[in-house]
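Before I ask anything, here is the structure I am working with.
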Amino acid sequence: MRKKIIAGNWKMNMTPSQAVALCAELKDLVKNDDVDVVYCVPAIDIVPVVNALKGTNVKVGAENMYFEEKGAYTGEISAAMLKDAGVEYVIIGHSERRDYFKEDDALLNKKVKKAIEAGLTPILCCGETLEQREMGITMDWIRMQIKSDLQGVAAADVAKLVIAYEPIWAIGTGKTATTAQAEEVCGGIRECIAEIYDKATAEAVRIQYGGSVNAGNAAELFAEKDIDGGLVGGASLKADFGKIVCYNK
Ligand code: PGA
């Protein structure tokens with residue numbers, strides 16, 4: 001049985017002091033031993049959030065990293081820096097980074113490999129635009145993303161990975177994919193992993209749904225057999241996140 005993983009993606013929100021206050025506000029609301037809980041936070045919030053979460057069930061993730069070991073890459077943050085600061089997860093290939101920062105699959109493949117090498121667990125994002133969905137190429141597109149981003153990654157590492165399916169048209173729009181649409185693609189991603197690797201790897205990898213997850217739709221989404229939790233943007237910044245984490249209570 002795969003353990004559910006519910007991660008907040010804070011995006012570019014929360015100053016360090018606001019971040020610490022939010023950790024305190026959510027502390028008692030996000031206790032659920034049945035699921036892994038992660039806050040993916042802006043780089044500058046990592047150190048204060050790691051400290052604020054000591055002794056709680058919540059793990060810390062980063063929202064991005066660079067693939068080089070170290071050196072002259074002004075403004076970037078390495079996997080080793082994240083690891084040393086107490087980070088366990090890192091979002092790689094969020095659609096906002098693919099779109100606004102022009103991150104392509106070749107770059108994301110390097111980031112995935114470096115994160116794994118450093119002992120971080122990537123939360124690898126994929127997802128289609130509304131146009132692609134309407135053209136009927138959703139699964140072709142996502143299979144291409146997954147295959148390119150995981151090029152050369154070993155089965156044992158993929159088994160520990162988290163993949164987040166986030167239809168771009170559902171992010172921050174209040175328009176959630178229907179449960180059937182979300183399950184269809186998450187199941188398709190699992191089939192794709194079984195094809196590239198094997199059945200055991202596909203059964204082990206955790207696949208989240210993301211895109212306007214909220215306290216009202218989380219339980220139904222997470223009840224699906226191929227949806228192993230969620231990547232939550234807007235709703236992770238408020239008390240509602242507690243209801244999402246405790247969806248089964
Ligand atoms: P949202 O964002 O929950 O605000 O739609 C999800 C995400 O971008 O990870």
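Heavy-atom basis, side chains included; hydrogens, waters and symmetry copies ignored.
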TODO: Please go through Ile44's hydrophobic cluster and name the other residues, only I, L, V, M, F, W, Y counting, with side-chain heavy atoms under 4.5 Å joining them.
DONE: none
Task: Heavy-atom side-chain proximity of His94 to Lys11 below 4.5 angstrom - done: yes
TODO: Assign the ring pair Tyr66 / Tyr73 to parallel, tilted or perpendicular, where the plane angle (0 to 90°) is split at 30° and 60°.
DONE: tilted
Open item on the list: Tell me the closest heavy-atom pair linking Leu221 and Ala182, and the distance in Å.
Closed with: CD2-CB, 3.9 Å
Open item on the list: Any non-hydrogen side-chain atom of Asp228 less than 4.5 Å from a side-chain atom of Ile207?
Closed with: yes
Task: Check: Lys113 side chain, Gly152 main-chain N or O, donor-acceptor pair, under 3.5 Å - done: no
TODO: Report yes or no: does Asn32 contribute a side-chain atom to a donor-acceptor pair with the main-chain N or O of Val37 at less than 3.5 Å?
DONE: no
TODO: For the residue pair Ile46 and Val41, establish whether any side-chain heavy-atom pair is separated by less than 4.5 Å.
DONE: yes
Task: Hphob cluster co-occupancy, Tyr247 + Ile5, side-chain heavy atoms under 4.5 angstrom - done: no
Open item on the list: Checking the side chain of Arg98 only, and the main-chain atoms of Cys126 only, is there a donor and an acceptor separated by less than 3.5 Å?
Closed with: no
TODO: Would you sort out whether Tyr209 and Thr176 count as a side-chain contact (heavy atoms from CB on, under 4.5 Å), showing the intermediate values?
DONE: CA-CA 10 Å; Tyr209 167 77; Thr176 325; 3.6 Å; yes
TODO: Find out if a path of hydrophobic residues (ILVMFWY) with successive side-chain heavy-atom gaps under 4.5 Å connects Val153 to Ile189.
DONE: yes
Task: Gln145 vs Leu108 side-chain heavy atoms within contact, under 4.5 Å - done: no
TODO: Kindly state each residue pair satisfying side chain to side chain donor-acceptor pair (under 3.5 Å) with at least one member in residues 117-129, sequence neighbours excluded.
DONE: Lys114-Glu117, Glu128-Arg133, Glu128-Tyr165, Glu128-Trp169, Thr129-Gln132
TODO: Determine whether Asn109 and Ser148 make a side-chain contact, defined as any pair of heavy atoms from C-beta on separated by less than 4.5 Å.
DONE: no
- [ ] Identify whether Val38 and Leu231 are in the same connected component of the hydrophobic contact network (ILVMFWY, side-chain heavy atoms under 4.5 Å).
- [x] yes
Open item on the list: Please evaluate residues Leu150 and Leu161 with respect to the criterion side-chain contact (heavy atoms from CB on, under 4.5 Å), reporting the C-alpha separation (whole Å), side-chain torsions for both, the decisive distance (0.1 Å), and the verdict.
Closed with: CA-CA 10 Å; Leu150 295 182; Leu161 195 78; 3.7 Å; yes
Task: Side chains of Glu63 and Asp45 in contact at under 4.5 Å (non-hydrogen atoms) - done: no
- [ ] With sequence neighbours excluded, give me every ring pair (Phe, Tyr, Trp, His ring centres under 6.0 Å) pair touching residues 170-200.
- [x] none
- [ ] Provide the full list of salt bridge (charged side-chain N to carboxylate O under 4.0 Å, His left out) pairs with a residue in residues 174-185, sequence neighbours left out, each pair given once.
- [x] Glu183-Lys225
TODO: Show your reasoning for whether side-chain contact (heavy atoms from CB on, under 4.5 Å) applies to Lys4 and Asn248.
DONE: CA-CA 11 Å; Lys4 301 267 188 217; Asn248 62 340; over 6 Å; no
Task: Sequence-distant partners of Asp99, side-chain contact (heavy atoms from CB on, under 4.5 Å), two or more places apart - done: Lys102
Open item on the list: Is it true that, when you exclude Lys3 itself, more than 12 heavy atoms of the residues, nucleotides or ligands shown sit nearer than 6.0 Å to its NZ?
Closed with: yes
Open item on the list: Is there a side-chain contact (heavy atoms from CB on, under 4.5 Å) between Leu29 and Phe241? Walk through the geometry before answering.
Closed with: CA-CA 8 Å; Leu29 306 175; Phe241 191 60; over 6 Å; no
Task: side chain to side chain contact (heavy atoms under 4.5 Å, CB included) partner of Val30, chosen from Val35, Val245, Leu53 - done: Val245
- [ ] Determine the minimum heavy-atom distance between Ile193 and Thr201, stating which atoms define it.
- [x] CG2-CG2, 4.0 Å
Open item on the list: Using the side chain to side chain contact (heavy atoms under 4.5 Å, CB included) definition, which of the options Asp149, Asp105, Ile137 pairs with Met144?
Closed with: Asp105
- [ ] Classify the side-chain pair Lys243/Asn214 by whether it contains a donor and acceptor separated by less than 3.5 Å.
- [x] no
Open item on the list: Give me the atom names and distance for the closest heavy-atom approach of Val112 to Pro122.
Closed with: O-CG, 4.1 Å
TODO: Spell out, as yes or no, whether a donor-acceptor pair under 3.5 Å connects the side chain of Trp10 to the backbone of Leu237.
DONE: no
- [ ] Could you check if a side-chain atom of Val185 sits within less than 4.5 angstrom of a side-chain atom of Gln181, using non-hydrogen atoms only?
- [x] no
Open item on the list: Are Cys125 and Glu166 packed together at the side-chain level, in the sense that at least one heavy-atom pair is separated by less than 4.5 angstrom?
Closed with: yes
Task: Where at least one partner belongs to residues 196-207, residue pairs that pass salt bridge (charged side-chain N to carboxylate O under 4.0 Å, His left out), sequence neighbours excluded - done: Arg2-Glu203, Asp36-Arg206, Lys199-Glu203
